[in-house]
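None of these values were measured; they are calculated from a predicted model. Chain letters run A, B, ... following the sequence lines, proteins first, then strands; residues in each count from 1.
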There are 2 protein chains.
Amino acid sequence: MEEELLGSPAPILRPVRHGNAFEETIERLLQNIKLGLFGVGTKLPAERELAEMLGVSRATLRDALAELQKAGYVEVQRGRYGGTYVCSRPPAGSGSYPELDPAEVDDVLTFRGVLEPAAASLAARATLSPAQRGHLLRALAEVASAPANLYRPKDARFHVAIAEVAGSPSLALAVADVRSKVSDLLDRIPLIQPNLEHSNRQHQEIVDAILRGDDEAAFKAAQDHLQGTASLLHGFLGHSQPEVSPQSTAPQR
Amino acid sequence: MEEELLGSPAPILRPVRHGNAFEETIERLLQNIKLGLFGVGTKLPAERELAEMLGVSRATLRDALAELQKAGYVEVQRGRYGGTYVCSRPPAGSGSYPELDPAEVDDVLTFRGVLEPAAASLAARATLSPAQRGHLLRALAEVASAPANLYRPKDARFHVAIAEVAGSPSLALAVADVRSKVSDLLDRIPLIQPNLEHSNRQHQEIVDAILRGDDEAAFKAAQDHLQGTASLLHGFLGHSQPEVSPQSTAPQR
DNA sequence: AGCTTATGGTCTTATTTCATACCAATACCC
DNA sequence: GGGTATTGGTATGAAATAAGACCATAAGCT
């Protein structure tokens with residue numbers, strides 16, 4: 001509607017850098033915290049290591065950490081065996097949330113609907129090492145036993161774990177990315193906790209299918225599971241979007 | 001094998017910035033040229049615009065352009081109606097190609113096998129505007145009529161075009177990205193031109209399926225099409241990888 | 001011919017980011 | 001209790017990048 005300067009839809013001229021390194025480092029750290037990669041109460045890697053991991057100078061990293069500290073996401077302790085710790089209570093009212101953008105919601109949900117079922121299917125097809133099995137089961141157990149206020153990070157971590165064992169690093173990255181966007185969207189709407197049990201049952205189904213190598217069932221189970229989030233977000237948009245058809249990315253027959 | 005420090009497979013700590021802005025700008029421009037986004041002989045946007053599009057200062061952009069010019073990818077003309085033009089003959093022997101990394105090949109092909117069929121399926125399910133139809137058909141025609149030495153960019157452009165009309169910008173970005181990696185891989189092996197006709201027939205099939213709204217057929221056709229590239233690359237790796245099963249990411253029924 | 005104008009070419013300055021070295025604290029170890 | 005090693009805290013100079021002004025060129029226009 002707003003823009004149809006097609007002919008050359010120019011999608012790929014995305015910026016080389018998004019903002020400055022400082023802001024992007026904050027973003028990245030926050031993303032990892034929200035994704036549950038850094039569990040609550042755990043210690044982040046030492047500044048020198050973390051800076052190298054993020055490909056950023058220690059000065060820049062420290063600026064970012066200072067910001068996170070000021071916002072109450074992490075606490076810092078000096079001296080040997082000190083470090084930066086993830087606060088257990090993420091700051092509640094983090095200010096005014098931006099509105100949900102319908103186009104963005106659609107985009108994220110669509111992309112997720114492509115990636116995650118495929119990841120589950122690939123994971124089922126792959127022969128998993130014992131370590132990978134353990135990783136998956138651990139993530140499953142953690143989300144199942146998570147208290148309500150920590151559910152989302154654990155949930156995110158679980159979904160990323162599936163992609164991690166799917167065997168394609170690129171896919172895992174993409175899933176982590178889109179999942180983090182989903183978390184962002186969910187953070188903008190009040191936390192109604194409709195049916196964690198249902199969700200956990202679906203998680204179990206996905207893992208079961210993966211472990212018994214049933215790629216078809218894993219694909220389907222993942223797809224079903226995403227429906228919940230999709231409905232929730234679409235519901236909040238008011239306009240009752242046509243729900244994703246049950247076979248969104250897969251051919252029927 | 002080499003690394004199993006699992007327990008926390010730490011996939012998501014990717015660097016915030018990859019190298020410096022200068023190198024990344026070169027990379028991005030080269031990618032767009034190879035993807036055929038800037039057709040041969042066409043004029044790039046003016047430096048001031050291009051710099052803004054890429055989110056980079058004009059100085060940095062100019063450094064990058066100078067490098068591309070030195071390497072023979074573009075030519076520059078001053079004065080009004082001047083500009084930076086894409087050379088028709090990309091420099092041939094661009095030096096020693098790095099070896100094909102089997103893990104990378106697998107990763108890219110797997111990820112592509114997830115994205116592109118899904119994109120085709122989504123495109124078929126979407127109701128395309130006349131402009132989008134035109135865009136798709138134009139891309140199809142261009143690749144079909146491309147001379148051998150320009151086949152790959154046009155081919156890449158076509159595949160990206162499918163993703164563009166699929167309705168998810170994120171998906172389009174991801175496809176462009178992975179397709180660019182495929183091009184990189186293909187550039188490292190001698191150009192045997194086995195069966196352009198076959199490839200073009202498959203392109204036609206995909207578009208037909210999309211235009212008549214048959215998502216199932218579109219998915220399948222795209223999947224079949226990717227098999228060719230996969231076999232080619234796997235063949236060059238020597239070890240006859242188990243080929244992607246025909247129903248790689250989709251359940252049957 | 002001369003003017004206009006959009007473009008690449010050059011220069012200067014401010015800001016960001018990096019790299020490095022060094023200081024300060026503090027829990028463990030002997 | 002004192003040593004030690006690891007960690008966050010601080011400072012400084014170099015390099016990269018950005019932002020902006022201005023010059024040079026050359027095609028079109030009058």
Expressed as a whole number of angstroms, how long is the span from [X]:[atom1] to [N]:[atom2]?
X     : N      : atom1 : atom2 : result
B:L44 : C:dA6  : CG    : C1'   : 16 Å
A:L50 : D:dT7  : CG    : C1'   : 13 Å
B:D63 : C:dG9  : CG    : P     : 12 Å
B:Y85 : D:dA27 : OH    : C1'   : 11 Å
A:E47 : C:dC22 : CD    : P     : 19 Å
B:E75 : C:dG9  : CD    : C1'   : 18 Å
B:K43 : C:dG8  : NZ    : C1'   : 11 Å
B:Q77 : C:dG9  : CD    : P     : 11 Å

How would you list all residue pairs meeting side-chain hydrogen bond (donor to acceptor under 3.5 Å, both in side chains) that involve residues 74-86 of chain B, not counting sequence neighbours? none
Using only heavy-atom distances, determine whether the side chains of A:S57 and A:T60 contain a donor-acceptor pair under 3.5 Å.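 Looking only at side-chain atoms, A:T60 and A:S57 do form a donor-acceptor pair, the distance falling under 3.5 Å.
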Any pair with a residue in residues 44-65 of chain A that passes ring-ring contact (aromatic ring centres under 6.0 Å, His included), sequence neighbours left out, goes on the list, sorted by first then second residue, please.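 Residue pairs with at least one partner in residues 44-65 of chain A: there are none.
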Summary of protein contacts for nucleotides 25-30 of chain C, nucleotide by nucleotide, where a base hit scores B, a sugar-phosphate-only hit scores S (4.0 Å, heavy atoms): BBS---
Using a 4.0 Å heavy-atom cut-off to protein, can you give one letter per nucleotide of nucleotides 16-21 of chain D, 5' to 3': B if the base is in contact, S if only the sugar-phosphate is, - if neither? -SB--B
Minimum heavy-atom separation for B:A119 to B:A166, with atom names?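 Smallest heavy-atom distance, with atoms named: O-CB, 3.6 Å.
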Donor-acceptor under 3.5 Å (A:E52 side chain, A:E49 main chain):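 Answer holds: no.
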Donor-acceptor pair, B:T25 side chain versus B:A21 backbone, under 3.5 Å? yes
N/O (side chain, B:R62) to phosphate O (OP1/OP2, C:dG8) under 4.0 Å: no
What is the ring orientation for B:F158 with B:H203, classed by angle as parallel under 30°, tilted 30 to 60°, or perpendicular over 60°?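 Tilted.
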Holding to side-chain contact (heavy atoms from CB on, under 4.5 Å), I want the full list of residues that pass it with A:E27, two or more places apart in sequence or in another chain. none
Using the salt bridge (Lys or Arg N to Asp or Glu O under 4.0 Å) criterion, which residues pair with B:K181? Sequence neighbours excluded.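 For B:K181 there are no salt bridge (Lys or Arg N to Asp or Glu O under 4.0 Å) partners, ignoring immediate neighbours.
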